[in-house]
Amino acid sequence: MESFLGLHRATLGYPGLAAKLVRHYGEAELVFRYFDPREVRLPPAVSDKLKNPEQLKRHIDADLRWLSGEDREVLKQASPDYPAQLDSLSDAPFLLFVWGKSHHLEKPQLAIVGSRKPTPYGISVASEMARQLAAVGFTITSGLAIGIDAAAHRGALAAGLATIAVQGCGIDQIYPRSHERLAQEILEQGCLVSEYPTGTGAHPRHFPQRNRIVTGLSRGTLVIEAAIKSGSLISARLAMEQGRDVFAVPGSIHSKQSEGCHLLIRQGAALVTNVLDLLEEFPDFEIDRNKAPPILSSQEDAVLSALSGGSCHADRIHEQTKIPIELLMALLIDLEIKGLIQSAADGYRVSNS
């Protein structure tokens, strides 16, 4: 294990390089034993570490100390317990540090990503869609970031099911620090994942690398609120390059936070307004669709309750439910699409009532 940890640290930041060296020399230990810079040309920093592995020892010792704790492991690329979905990538992490219940990594995953500064609409949609997707069997994967990521994790947790957080810092770190409690809840039902070994601080250049793992683990990526220039669009591009499906939730035409989603839809991403739209994209997913009742969010339940007494206009529903008007209009459209309500001259009413 020490040789694997050392080679991983020596080549960190150069995806695919460690695996290439192992193929060339046969084993991780032999890379250090027989490496010759005249034979294999590498970046100077990598060559120096391979020629002087003693400089890595204290860092490797720190990794081993961390691994001695409960529910902590390192998954080696191409090993039987390494996630097959991720192993298919040409730039898959050589090692994957996992804290928590690693068996969730083999479950069907859907990535949910989006703005770090979402609107209330975005937070609600991310949370409810994550809850509903988790309820029908998807494991929700995201990046533990503030905003849509956190809302998605919390939605899955609210369903009492697993969620996976991929970090852009060392596996022993939590970033942002404000999400330490959320991370603990994730550990109880899912796992934290990182290719970064212990002691590695968060850095802007780490997050695009982190994003390829989020999308690579997942069968598809759902984008909920994203500006034109955002990390979420980078994630969507990575997912496309990886051959994964990309989905986007539309928002208001006046919202800067939805411009990225609208761009993705114009470029061919599937437009999603509810969980059933997503399930249609995965016909092989094991769920009895004929028996599955419509999955309603707490806000949708509130709207139906407001209509239980008869027809009602949107402004009156807003007064009763306190749901922000932008979100309420989206919910009303969605409930109409599901066939649960109808619109008429006297407002909205429950279908067949």
task = Run the numbers on L335 and Y348 for side-chain contact (heavy atoms from CB on, under 4.5 Å), then give the verdict.
result = CA-CA 10 Å; L335 288 169; Y348 294 89; over 6 Å; no
ask   = Please walk me through it: do N211 and V113 pass side-chain contact (heavy atoms from CB on, under 4.5 Å)?
value = CA-CA 9 Å; N211 292 347; V113 300; over 6 Å; no
query = Can R316 and E319 be said to form a side-chain contact (heavy atoms from CB on, under 4.5 Å), step by step?
reply = CA-CA 5 Å; R316 179 58 180 161; E319 291 177 7; 3.0 Å; yes
request  = Please report the C-alpha distance between H179 and I146 in whole Å, then the side-chain angles of each, then the deciding distance to 0.1 Å, and finally whether the side-chain contact (heavy atoms from CB on, under 4.5 Å) criterion is met.
outcome  = CA-CA 8 Å; H179 282 172; I146 292 170; 3.9 Å; yes
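Residue pairs meeting the side chain to side chain donor-acceptor pair (under 3.5 Å) criterion with at least one member in residues 217-229, sequence neighbours excluded, are T119-E225, R219-D284. Residue pairs meeting the side chain to side chain donor-acceptor pair (under 3.5 Å) criterion with at least one member in residues 249-267, sequence neighbours excluded, are S115-Q257. Residue pairs satisfying the salt bridge (charged side-chain N to carboxylate O under 4.0 Å, His left out) criterion with at least one member in residues 145-158, sequence neighbours excluded, are absent.
A donor-acceptor pair under 3.5 Å is formed between the side chain of H153 and the backbone N or O of L144. Judged purely by atom type and a 3.5 angstrom limit, D71 has no side-chain atom pairing as donor or acceptor with the backbone of K101. With Q55 contributing its side chain and N52 its backbone, the two residues share a donor-acceptor pair below 3.5 Å. Of the possible polar contacts, none joining the Q167 side chain to the L192 backbone as a donor-acceptor pair under 3.5 Å is found. A donor-acceptor distance shorter than 3.5 angstrom exists from the side chain of T321 to the backbone of I317, with no hydrogens or angles considered. Panel note: side chain S127, backbone S124; no donor-acceptor pair is recorded below 3.5 Å. Of the possible donor and acceptor atoms, none in the side chain of Q209 sits under 3.5 Å from a partner among the backbone N and O of G13. For H203 (side chain) and R205 (main-chain N/O), a donor-acceptor pair under 3.5 Å exists by modelled atom type. Between the side chain of R210 and the backbone N or O of G143 there is at least one donor-acceptor pair closer than 3.5 Å. A distance-only check finds a donor-acceptor pair linking the side chain of S142 to the backbone of I112 [under 3.5 Å].
Side-chain contact between L75 and L105 is present, with heavy atoms from C-beta onward closer than 4.5 Å. By the 4.5 Å heavy-atom criterion applied to side chains, I234 and F207 are not counted as neighbours. Between L50 and L7 there is a side-chain heavy-atom pair separated by less than 4.5 Å. A heavy-atom distance below 4.5 Å is not found between the side chains of P197 and H59. The shortest distance between side-chain heavy atoms of F247 and D277 does not fall below 4.5 Å. In this structure, V272 and M129 have side chains that are in contact, with non-hydrogen atoms separated by less than 4.5 Å. Q320 has its side chain within reach of C312: a pair of non-hydrogen atoms, C-beta onward, lies under 4.5 Å apart. Contact annotation: the side chain of V223 never approaches that of S235 to less than 4.5 Å [non-hydrogen atoms, C-beta and beyond].
Heavy-atom minimum distance, L96 versus E195: CD1-N, 4.5 Å. For the residue pair S232 and A226, the shortest heavy atom distance occurs at CB-CB, 3.8 Å. Pairing each heavy atom of L161 with each of A134, the nearest pair is CD1-O, 2.8 Å. Among all heavy-atom pairs drawn from T200 and Q173, the shortest one is O-CG, 3.5 Å. In plain terms, the two heavy atoms of R9 and I60 that are nearest each other are NE-N, 4.3 Å. Across A92 and R212, no two heavy atoms sit closer than the pair C-NH2, 4.1 Å.
One finds the CZ atom of F35 at 9.5 Å from the NE2 atom of H24 (value rounded to the nearest 0.5 Å). The CD atom of E128 sits 11.0 Å away from atom CG of L133, with the distance rounded to the nearest 0.5 Å. Interatomic distance, CD1 of I171 versus CG of L67, reported as 9.5 Å (0.5 Å rounding). A distance of 10.5 Å separates CG in L331 from CG in D301, rounded to the nearest 0.5 Å. A distance of 11.0 Å separates CG in L217 from CG in D87, rounded to the nearest 0.5 Å. The OG1 atom of T139 sits 11.5 Å away from the CD atom of Q189 when rounded to the nearest 0.5 Å.
Residue T198 is tested with D61, D172, D63 for a side-chain hydrogen bond (donor to acceptor under 3.5 Å, both in side chains); the sole match is D63.
With no hydrogens or angles considered, a side-chain donor-acceptor pair links H104 and K107 at under 3.5 Å. S3 and E27 share no donor-acceptor pair across their side chains, judged by distance under 3.5 Å alone.
A salt bridge does not link E54 with K57: none of the charged nitrogens is closer than 4.0 Å to a carboxylate oxygen.
Environment of OH in Y175: sparse, with no more than 12 heavy atoms of neighbouring residues, nucleotides or ligands closer than 6.0 Å. Environment of CZ in R72: crowded, with over 12 heavy atoms of neighbouring residues, nucleotides or ligands closer than 6.0 Å.
Relative orientation of the W66 and W99 rings is perpendicular, given thresholds of 30° and 60° on the angle between their planes.
Partners of S311 according to the side-chain contact (heavy atoms from CB on, under 4.5 Å) rule, which considers only residues two or more places apart in sequence or in another chain, are D346, R349. Scanning for side-chain contact (heavy atoms from CB on, under 4.5 Å) contacts around A330 gives Y121, with sequence neighbours left out.
In the hydrophobic clustering, I253 connects to no other residue, as no ILVMFWY side-chain heavy atoms lie under 4.5 Å from its own.
Taking the six-membered ring wherever Trp is involved, the centroid distance between the rings of F32 and Y25 does not fall below 6.0 Å.
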